[in-house]
Amino acid sequence: VGVAHANATTLRFHGDALHLALRTGAIVDDVAAFARRVGLPPPPPAWALAPMQWRNSVDVITDATGAVTATGTDQLLADAHEMRTRNIPASTIWIDAPWETGYNTFVVNDAQLPGFDDAMRTLGSEGFHVVTWATDAVNNSDDHEQAFGMPPYASQSMFDDFSSRGLLVTNADGSAFTFPWGRGVGGFVDFTSADACAAYQDAMAPLLERGVRGFKLDYGETMRPDVLGLEPNDVPRFADGSTTATMHTKFARLYHECYLGALDARWPGDHFVITRTGGLYDQKNGVAIWPGDLDASFEKHAVPVVGGLPSAIGGFLSLAMSAYPLYGSDVGGYRGPAPSTELFVRWAQFASLSTIMQTGGGANYAAWDDGYVDAIDAYATAARTHMDLLPMWIEWTKRASTDGTPVVVPVGVVDDRPDAWADPATFVVGDTLLVAPVIEEGATKRTLFAPTGSWTSWWDDDVVVTGPATTTVDAPLDRMPLFVRDDAIVVLSDPALDTALPCPTCAGDVDRRVVRTTIGADGDGGAQALVGDVVATRTVAGKSVALTASADEARPLVLDLHLGAKSAANAAVPGQTATTVTSEAALFSCAPEDACVFVEAHRVRAAVTGRSAELDVQWQ
């Protein structure tokens with residue numbers, strides 16, 4: 001523990017020696033160096049960077065006579081259907097607790113989720129992977145009232161087996177250490193034991209064979225009962241001889257690694273894990289983190305609340321600076337009643353610029369539920385924004401996996417000035433996008449700090465902020481302030497894309513790339529980018545600009561040139577006779593053998609299919 005004073009830092013630690021390494025360089029360089037030191041994470045699969053959806057529970061509904069009128073499977077498939085019919089992009093659905101016969105038997109409760117295998121095949125055909133909730137505990141309590149069809153003491157036989165084989169955390173006398181952990185009372189798999197982990201992996205293997213591609217790993221901090229004063233820290237004993245006096249977050253890391261080992265064996269390099277706990281050296285495992293059960297509110301952290309949207313943003317930026325590139329908070333918050341339309345929308349807007357966009361909460365809501373009829377369009381826009389950026393998320397997380405460069409940084413890190421540090425909720429993504437989430441209830445304007453350079457609104461080319469400066473911009477409920485650096489090129493996915501996974505019936509072309517750039521007010525400056533296999537270049541000379549893109553193999557390419565306040569005089573696709581179209585729909589329907597150009601007042605787009613494309617525009 002470090003406590004900073006004006007002229008000194010006091011350190012308290014366990015043991016008689018401390019290895020201390022200090023760096024005094026630029027903060028971003030220090031974060032990258034720290035990431036390399038603790039271990040770089042593997043890059044996530046593309047589908048994990050698309051939006052995700054879940055409910056707090058998928059319940060069985062019965063009528064007054066007790067007859068089942070709808071099952072959890074019905075709810076699961078209905079949510080998938082809503083997303084596809086509404087063209088709301090997503091590639092992952094979580095099944096949250098409870099869903100098993102007992103905690104953590106990994107056996108599907110067939111009364112709650114009948115026809116599970118058929119449902120998995122249906123979801124797969126619609127471009128979804130499935131992730132299930134799990135923890136580190138095996139219960140010996142009667143949990144049957146927690147879900148329809150859950151048998152009494154369903155985990156007891158697994159508890160007895162693991163206990164008799166010494167696979168659970170123990171007391172000093174060797175008996176299983178049990179503890180009330182939130183979903184009953186149980187023991188905890190001793191992940192310091194290779195035998196315990198192997199037995200747990202054997203238990204979960206049949207579930208993975210049924211198609212489950214990952215886990216939402218809850219809890220993990222339970223091995224610190226002393227923190228709450230409930231047990232002395234020498235009570236729980238581990239197979240490696242340690243106690244919770246020194247175990248701390250190492251237990252959570254071993255817990256995560258056990259699950260990851262099972263996933264690697266069945267789905268090597270193609271799985272996803274999100275956890276509630278992270279610690280030192282867990283970064284290398286590539287886990288995403290969600291910040292636990294935040295309040296469904298605009299509140300900042302203050303006792304007794306844990307905080308709402310502002311806390312979610314703070315957690316995102318703090319973890320990014322701690323070499324955790326993957327983060328996603330529950331859109332709308334978790335604790336308390338269902339979020340208001342305003343909170344739900346504002347949280348979704350922030351989540352659209354988080355590396356992981358996942359939507360769900362304790363009040364069991366979804367954007368298409370009756371209570372959010374006024375939010376559905378804004379939510380769809382937020383999810384679409386996140387999906388549009390999929391090629392960039394892939395590139396940015398690949399860089400974090402290669403050299404430790406953080407995906408996002410607070411604006412104060414970008415521009416080290418007091419005014420910037422005074423704006424703790426504004427951040428920059430990939431040195432390209434300036435993001436200013438709205439965190440005050442009722443606000444329709446946002447005061448933000450813009451770093452050095454010229455930044456144009458993602459939504460409106462007429463809105464430009466120039467830094468370094470503090471400025472106030474409009475922030476209507478349907479739009480979060482979002483700006484793109486004028487000297488940047490971003491590569492986007494098809495704006496109709498439903499999923500990053502194979503899906504013959506889904507909208508959008510997974511191979512299409514949209515290359516977008518904005519000419520700033522000064523009208524000069526070149527730019528270039530390498531995103532995946534796409535190399536893009538912008539060259540400006542006088543009052544003309546050439547935007548080019550090339551790829552390793554032929555693919556649909558759309559060149560999207562924003563001219564700011566300038567007006568296009570003419571546009572051409574060199575080497576081809578381009579057809580002029582008058583709508584975006586016609587542009588994206590351009591035949592593969594043709595080239596199409598769509599000219600608007602201050603924007604020109606060209607569609608070409610091939611290994612390369614070029615758009616030349618002159619302005620007046």
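We're numbering straight along the sequence, starting at 1. Just so it is clear, the model here is predicted, and its values are computed rather than measured.
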Practice prompt. Apply ring-ring contact (aromatic ring centres under 6.0 Å, His included) to the pair Phe350 and Phe316, showing each step before the final yes or no.
Written response: CA-CA 10 Å; Phe350 157 63; Phe316 181 36; 5.7 Å; yes
Practice prompt. Would you sort out whether Met52 and Thr359 count as a side-chain contact (heavy atoms from CB on, under 4.5 Å), showing the intermediate values?
Written response: CA-CA 6 Å; Met52 305 181 177; Thr359 301; over 6 Å; no
Fill in: Asp369/Arg55 under salt bridge (charged side-chain N to carboxylate O under 4.0 Å, His left out): CA gap, chis, key distance, verdict
CA-CA 12 Å; Asp369 291 347; Arg55 288 184 184 268; 2.9 Å; yes
Fill in: Verdict with supporting geometry, Phe344 and Tyr365, side-chain contact (heavy atoms from CB on, under 4.5 Å)
CA-CA 10 Å; Phe344 183 71; Tyr365 50 83; 3.8 Å; yes
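Salt bridge annotation for Glu257-Arg253: present, with a cationic side-chain nitrogen under 4.0 angstrom from a carboxylate oxygen. The residues Asp293 and Arg335 are annotated as not salt-bridged, no charged nitrogen and carboxylate oxygen being separated by less than 4.0 angstrom. In this structure, Arg210 pairs ionically with Asp117, as a charged nitrogen and a carboxylate oxygen lie closer than 4.0 Å. Using a 4.0 Å cut-off between charged side-chain N and carboxylate O, Arg485 and Asp431 make a salt bridge.
Between Tyr255 and Phe251, the angle of the ring planes lies from 30° to 60°, which puts this pair in the tilted group.
Judged by distance alone, with hydrogens and angles left aside, the side-chain atoms of Trp290 form no donor-acceptor pair with the main-chain N or O of Thr277 at under 3.5 Å. Looking only at distances, no side-chain donor or acceptor of Arg183 sits under 3.5 Å from a matching main-chain atom of Pro180. Side chain of Arg84 to main chain of Glu126: a donor-acceptor pair is present (N/O by atom type, distance under 3.5 Å, no hydrogens or angles). Listed for the Tyr327 side chain is a donor-acceptor partner under 3.5 Å among the backbone atoms of Ala312. Checking side-chain atoms of Trp99 against main-chain N and O of Trp133 turns up a donor-acceptor pair under 3.5 Å. The backbone N or O of Phe106 lies less than 3.5 Å from a partner atom in the side chain of Glu100, making a donor-acceptor pair. Checking side-chain atoms of Ser352 against main-chain N and O of Gln349 turns up a donor-acceptor pair under 3.5 Å. Using modelled atom types, one side-chain atom of Gln358 and one backbone atom of Ser329 make a donor-acceptor pair closer than 3.5 Å. The backbone N or O of His386 lies less than 3.5 Å from a partner atom in the side chain of Trp393, making a donor-acceptor pair. Checking side-chain atoms of Thr499 against main-chain N and O of Gly127 turns up a donor-acceptor pair under 3.5 Å.
For Asn56 and Tyr334, the side-chain atoms include at least one donor-acceptor pair closer than 3.5 Å. Side-chain N/O atoms of Thr92 and Arg213 include no donor and acceptor closer than 3.5 Å. Residues Tyr103 and Gln146 have side chains that bring a donor and an acceptor to within less than 3.5 angstrom of each other. A donor and an acceptor atom, one from each side chain of Trp368 and Asp79, are located under 3.5 Å apart. In the model, Asp330 has no side-chain atom that pairs as donor or acceptor with a side-chain atom of Trp347 under 3.5 Å. With 3.5 Å as the limit, one finds a donor-acceptor pair spanning the side chains of Asp423 and Thr426. In summary, the side chains of Thr135 and Asn104 do present a donor paired with an acceptor at a separation below 3.5 Å, with no hydrogens or angles considered.
Atom-to-atom distance recorded for Arg516:CZ and Asp388:CG is 9.0 Å, nearest 0.5 angstrom. Atom-to-atom distance recorded for Thr105:OG1 and Leu207:CG is 9.5 Å, nearest 0.5 angstrom. For the atom pair CD1 of Ile394 and CG of Leu390, the computed distance is 4.0 Å after rounding to the nearest 0.5 Å.
Counting only heavy atoms from C-beta outward, the side chains of Arg446 and Pro437 approach each other to under 4.5 Å. Side chains of Thr132 and Val108 form no contact here, defined as non-hydrogen atoms less than 4.5 Å apart. Between Val435 and Phe427 the shortest side-chain heavy-atom distance falls below 4.5 Å. Taking the side chain as every heavy atom from C-beta outward, Ser401 and Lys398 never approach each other to under 4.5 Å. At a threshold of 4.5 Å between non-hydrogen side-chain atoms, the residues Pro98 and Met150 count as touching. Residues Pro406 and Val28 form a side-chain contact, since some pair of their non-hydrogen atoms from C-beta on lies under 4.5 Å apart. Residues Leu501 and His129 form a side-chain contact, since some pair of their non-hydrogen atoms from C-beta on lies under 4.5 Å apart.
Of all heavy-atom pairs spanning Pro51 and Ala383, the tightest one is CG-O, 3.8 Å. When all heavy atoms of Tyr200 and Ala137 are compared, the pair lying nearest together is OH-O, 4.0 Å. The minimum heavy-atom distance linking Pro481 with Val438 is given by the pair CD-CG2, 4.0 Å. Taking both residues in full, the closest heavy atoms of Thr341 and Ala375 are given as CG2-CB, 3.7 Å, listed atom of the first, atom of the second, then distance. Counting all heavy atoms, side chain and backbone alike, Ser125 lies closest to Pro504 at O-CD, 4.1 Å. Taking each heavy atom of Ser91 and Trp47 in turn, the nearest pair found is CB-O, 3.6 Å.
Tested against Asp59 for a side-chain contact (heavy atoms from CB on, under 4.5 Å), the candidates Thr71, Asn364, Asp74 yield a single pass: Asn364. Only one option out of Asn285, Asp282, Asp136 pairs with His256 in a side chain to side chain donor-acceptor pair (under 3.5 Å); it is Asp282. With Thr355 as the fixed residue, the side-chain contact (heavy atoms from CB on, under 4.5 Å) test singles out one of Val429, Leu326, Val408, Leu319: Leu326.
Atom CD of Glu209 is surrounded by more than 12 heavy atoms from other residues, nucleotides or ligands within 6.0 Å.
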